[in-house]
Amino acid sequence: MAPAADVVVVGAGLAGLAAATRLVDAGAEVVVLEARDRVGGRTLTLPAADGTPIDHGGQWVGPTHDRIATLAERVGVTTYPTWERGLNTVVRDGQAHRYEGDPLDEGDPMSAVALGQAIRELDAMAATVPPEAPWTAADALSWDSQTVETWLQARVESERVRNWLREIVRGTLAAEARELSLLHTLFVIRSAGSMAMLLATAGGAQERRFHQGAQAISIRLAEPLGERVVLGTPAQLVRHGEAGVVVEAGDRTVTAGRAILAVPPAIAGRIGYQPAMPGWRSQLTQRVPMGSVVKIHAIYEEPFWRQEGLSGFAVSDSGPVAVVYDNCPEGGSPGVLVGFIEGDQARAWARRGDGDRRAAILASLVGFFGERAARPRELLERSWADEEYSGGCYAGYFPPGVWTSYGQALREPVGRLHWAGTETATAWNSYMEGAVQSGERAADEVLAAG
Ligand SMILES: Cc1cc2nc3c(=O)[nH]c(=O)nc-3n(C[C@H](O)[C@H](O)[C@H](O)COP(=O)(O)OP(=O)(O)OC[C@H]3O[C@@H](n4cnc5c(N)ncnc54)[C@H](O)[C@@H]3O)c2cc1C
């Protein structure tokens, strides 16, 4: 049996590592159990054939992502601005159009105005949602009794504008408007500050990238933790009681005073507990599914779109690739495009043969940028729903009825068990910043409990 620790942390993603770092800083004895043979969880940076770091998971940070910025600075991971010079591209009904400035204004000012109004309405509703307790919003019951789709049907007249909003919501939460509680969507907007914060590149969530890749933060946080981080060791059973916690993970058993489970709710629900979780906690973890996304990268000798005056940012109403950004390293070489297949399209295309899917991805890229896009020197894909220890991405989302019936169970400790992970964050929920906030909050909870 391993030596007793003060705290055992389950999960070495950003949340678990932020928690462990804070606890060790405070002088606590910590063991971190990680199921995968790597740290970083939903951040994963792998070298392309030429060594360029490619982020297959989380990558962008922006203003007010202060906690992850502080951690990155601590471990010497640096950022650069996302490229956005040039014309943007929108593919509608199979036709590529180029436009400048606001991606919402594509030569259809009436729709742009209607979209602006809908966004302002969502922002105003979101401003009334307390991020610590969304279920206490004055209209919580009504908003949690409908999906985003229900709201769109009731409040937005134009089908074109509804489609835009469906794309925006799908792009942000990797789920369909018909799957998402309106209250949850408003909560995510509130936790980020506004729709503009979620959607913008400069001044918003897509503003900057890490030179070394996002996973470098976790790798470098784990280094000083040394042997406290145990890889390839999935927690299977958590025994807990007044005397402490015993976590069984394969042939390893860790005893500790308290545990922080830094995994998404759906993944926490797969772990065994003795005694079993109370119904209110068990039923929460049955109700927070993960989003669906396939992230792709196409790597070219050079960013040919820049030479053609294009920014590399593109959106499509047909897919399978719904949105694309220029994802080159800061120096601009090689040329890298990143794209996302989300929601229904991710589910459908992940099940198709590799050949079919890759051909469809290339067809999407050609639709955006012309024939030169057809021949990347590398085409990389990652379907996060296939990852055993993530179950999907970007994050867990709340369908209707869950916040109002189970919201209080999200962060409430069960005896000596504490909950972290970006899904439990009140700021930038679903983002890396939220993961760090959640880990630091759980560490503070444990330290305060003594
Ligand atoms: C494709 C994609 C793009 C994204 N883009 C962005 C972005 O641009 N910006 C942004 O801010 N965020 C983005 N995100 C979201 C961001 O990556 C996540 O919010 C964040 O990394 C979550 O961190 P976490 O620590 O909460 O959870 P995780 O990273 O999921 O960490 C949980 C850890 O627990 C481990 N684990 C699971 N089960 C067990 C077990 N039984 N025992 C032990 N360990 C276990 C897992 O292996 C994992 O390492 C993106 C995510 C994806 C996948």
Side-chain angles (χ1 to χ4, degrees), residues 8-20 31-44 55-62 65 67-68 82 171-174 192 198 201 204-210 214-215 217-218 221-222 229-238 247-250 252 254 259-272 290-297 325 327 338-342 346 381-385 387-396 419-425 428-439 442:
V8 55
V9 177
V10 175
L14 278 164
L17 292 169
V31 174
V32 183
L33 297 175
E34 168 53 50
R36 289 174 162 107
D37 59 5
R38 62 172 182 84
V39 298
R42 282 173 270 176
T43 62
L44 171 64
D55 271 322
H56 294 275
Q59 64 167 50
W60 285 293
V61 285
H65 293 199
R67 296 171 188 86
I68 189 152
T82 305
T172 310
L173 291 150
L198 286 170
T201 300
Q206 284 68 239
E207 184 174 275
R208 306 185 74 80
R209 297 194 49 217
F210 295 106
Q215 193 192 1
I217 300 171
S218 292
L221 284 173
V229 180
V230 187
L231 299 178
T233 309
Q236 288 147 340
L237 181 66
V238 178
V247 179
E248 292 180 11
R252 194 176 270 257
V254 180
I260 294 176
L261 289 109
V263 297
I267 302 293
R270 288 188 201 156
I271 297 172
M290 302 299 287
S292 306
V293 65
V294 179
K295 187 172 182 181
I296 66 114
H297 283 89
Y325 289 80
N327 225 30
V338 62
F340 299 88
I341 309 176
E342 297 145 339
E381 314 172 63
R382 185 157 292 252
S383 170
W384 282 86
E387 299 266 334
E388 181 178 6
Y389 294 109
S390 296
C393 274
Y394 312 107
W419 312 105
T422 193
E423 287 77 8
T424 68
W428 287 101
N429 186 287
S430 306
Y431 286 75
M432 295 185 283
E433 171 69 12
V436 174
Q437 188 220 29
S438 77

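When a ligand or atom number is given, it counts from 1 through the structure's own listing order.
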- Partner residues of Ser383 under the side-chain hydrogen bond (donor to acceptor under 3.5 Å, both in side chains) criterion, sequence neighbours left out: Asp386
- Is it true that Glu387 and Arg382 make a salt bridge, defined as a side-chain N closer than 4.0 Å to a carboxylate O? yes
- Query: Heavy atom of His56 under 4.0 Å from ligand 1?
  - Reply: yes
- Item | Polar contact flag for Glu423 and ligand 1 (N/O pairs, less than 3.5 Å) | no
- Evaluate the ring planes of Trp60 and Phe340, with Trp represented by its six-membered ring, and classify them as parallel (under 30°), tilted (30 to 60°) or perpendicular (over 60°). tilted
- Item | His65 N/O under 3.5 Å from ligand 1 N/O | no
- What do you reckon, does Thr422 have a nitrogen or oxygen under 3.5 Å from a nitrogen or oxygen of ligand 1? yes
- Task: Indicate yes or no: does an N/O atom of Arg42 lie under 3.5 Å from an N/O atom of ligand 1?
- Result: yes
- Task: Kindly confirm or rule out an N or O of Ile267 lying under 3.5 angstrom from an N or O of ligand 1.
- Result: no
- Query: Counting both backbone and side chain atoms, is some N or O of Val10 under 3.5 Å from an N or O of ligand 1?
  - Reply: no
- Close N or O approach (Ser430, ligand 1; < 3.5 Å): yes
- Item | Heavy-atom check, side chain of Lys295 versus side chain of Gln59, under 4.5 Å | yes
- Look only at interatomic distance and state if Gly16 has a nitrogen or oxygen under 3.5 Å from any nitrogen or oxygen of ligand 1. no
